[in-house]
Number of protein chains: 2
Amino acid sequence: MNDVLLSGALDASEKGRIRQDNEAIILPAAEQVFARYGFRGATMQQIADAAALPKANLHYYFGNKQTLYLRVLENILHDWLSPLEAISARADPKTALAEYVGRKITFSFSRPAASKLFANEILQGAQVVHPLLKRDLRQLVAEKAHILDGWIAAGKLRTLDTTHFFFSVWSMTQTYADFDIQIAAVSGEEMTSEAAQTRATAHVLSSVWRICGLE
Amino acid sequence: MNDVLLSGALDASEKGRIRQDNEAIILPAAEQVFARYGFRGATMQQIADAAALPKANLHYYFGNKQTLYLRVLENILHDWLSPLEAISARADPKTALAEYVGRKITFSFSRPAASKLFANEILQGAQVVHPLLKRDLRQLVAEKAHILDGWIAAGKLRTLDTTHFFFSVWSMTQTYADFDIQIAAVSGEEMTSEAAQTRATAHVLSSVWRICGLE
DNA sequence: GTCTATATCTAGATAGAC
DNA sequence: GTCTATCTAGATATAGAC
């Protein structure tokens, strides 16, 4: 007799492994669906279909829709924020900005669903991430803006509003993910090809440099 | 006896007036709710509550949710597009761009819900407006990019990708509506004050001018 | 740990009295 | 033209056999 099959009993490590595997299937599926419809518009059934699992399994692993949404959002936040590391006081301004813009736009092209989910979250009131924006992101931007102000004082950059500068860079880079459909429709080509992405990156980087008086 | 009250009969002009009045109450309420939750996330009950009318009245005036959404979106599209009029071949480049950026950012500050609804529509797949983007908007942008290319050829502007330039200007200006919550959280102030809006406009305009080599 | 069947609630939409 | 009551479909969530 096979007790494992009959009773469903699994030893601790096996149980953990199965859970890990299934969560790794469910979370990306949920990211896609939440990205497209927002929290309220997304349905557990759609996510289940995208993951090719019965709907009940999602509840077994995540309890409820809200928790699943939180888990997906957590995974995104780190990757959304990490490009800011490129801006450090010691770095060369032009190189640092190139790395920052490059990492932001690479995120848009490689994980458009993640960017869209974040956009939906903010657009729909930032119910979940508002505390994080108000504390952590505000603090982080203040630090990085201070570094830019230092570069301006040292005559390395033209004068500009360094806080609004970040709003501009975020929007110019994220638009390639969030508004990809509009961009494809207007430009007449999908931005999936290497060449198209290189062209977009060159345009944004050149724009950012010009804003800073570096070109 | 008052036949009007008892039978509900109204003469044609009165019927039209009541309809006009009620639609004028329902449409802005619908704009707010669709902007916040997208088409699928929004509920007719929420819209009814926002309009302070029974839910059945929405169906009486608009038939169904889809039609109501279409009517709201139609009202937005014209105002979203019209700033492009500022770009004309005969205009002075610096003045034309100032007017264009000014009108785009004014739209963001004066009608944030309209901008958000449009953003949600694109973000969630552009189910409704995709044909319009692919035909009308593409054509319009091609014309305006051609004008900018002419200015570049005439040495009035620095070399730049004039199509991607529009993606950048749209994103930089619309971010003040679509991501207003993030901007308020990070900058520490609501962008509702005259002074804050003037500062944002100055930053974006100056950035656009620098991208074009006009400053 | 899986998955069918189901309970419960809320959505869009309509009927019909007023 | 208004609005309560209600229909039906589809949503989240759970029970319970396997």
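We name chains A, B, ... by the order of the sequence lines, and we start the count at 1 in each one.
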Gap between atoms CD and P, on B/Gln45 and C/dT14 respectively (whole Å): 16 Å
Residues that A/Arg210 engages under salt bridge (Lys or Arg N to Asp or Glu O under 4.0 Å), provided they are two or more places apart: A/Glu215
Contact under 4.0 Å: B/Asn64 side-chain N or O vs C/dT14 OP1/OP2: no
Set of salt bridge (Lys or Arg N to Asp or Glu O under 4.0 Å) partners for A/Asp161, sequence neighbours left out: none
Atom-pair distance (NZ on A/Lys65; C1' on C/dT10), nearest Å: 12 Å
Atom pair distance, as rounded to whole Å: CE in A/Met44 and P in C/dT8: 20 Å
N-O pairing of B/Asp180 and B/Lys116 below 4.0 Å: yes
Distance in angstrom units between B/Ile26 CD1 and D/dT2 C1', rounded: 12 Å
Counterpart residues, side-chain contact (heavy atoms from CB on, under 4.5 Å), relative to A/Ser193 (two or more places apart): A/Ala195, A/Ala196
Over-ring placement of B/Lys144 relative to B/Phe166, 6.0 Å and 45° cut-offs: no
Distance in angstrom units between A/Gln66 CD and D/dA13 C1', rounded: 15 Å
Separation of atom OH in A/Tyr60 from atom C1' in D/dA15, rounded to whole Å: 15 Å
Nucleotide C/dG12, atom P - distance to OH of B/Tyr69 in whole Å: 14 Å
Protein-nucleotide distance (B/Leu68, atom CG; C/dA11, atom P), rounded to Å: 16 Å
Contact residues, residues 46-59 of chain A to DNA chain D [heavy atom, < 4.0 Å]: A/Lys55, A/Ala56, A/His59
Which residues share a salt bridge (Lys or Arg N to Asp or Glu O under 4.0 Å) with A/Arg71, sequence neighbours left out: A/Glu23
Residues forming a side-chain contact (heavy atoms from CB on, under 4.5 Å) with B/Ala56, sequence neighbours excluded: none
Proximity to the side chain of A/Thr43 - top-ranked nucleotide from C/dG12, D/dA11, D/dT2: D/dA11
Sugar-phosphate only, base, or nothing, as touched by A/Tyr61 at under 4.0 Å among non-hydrogen atoms: sugar-phosphate
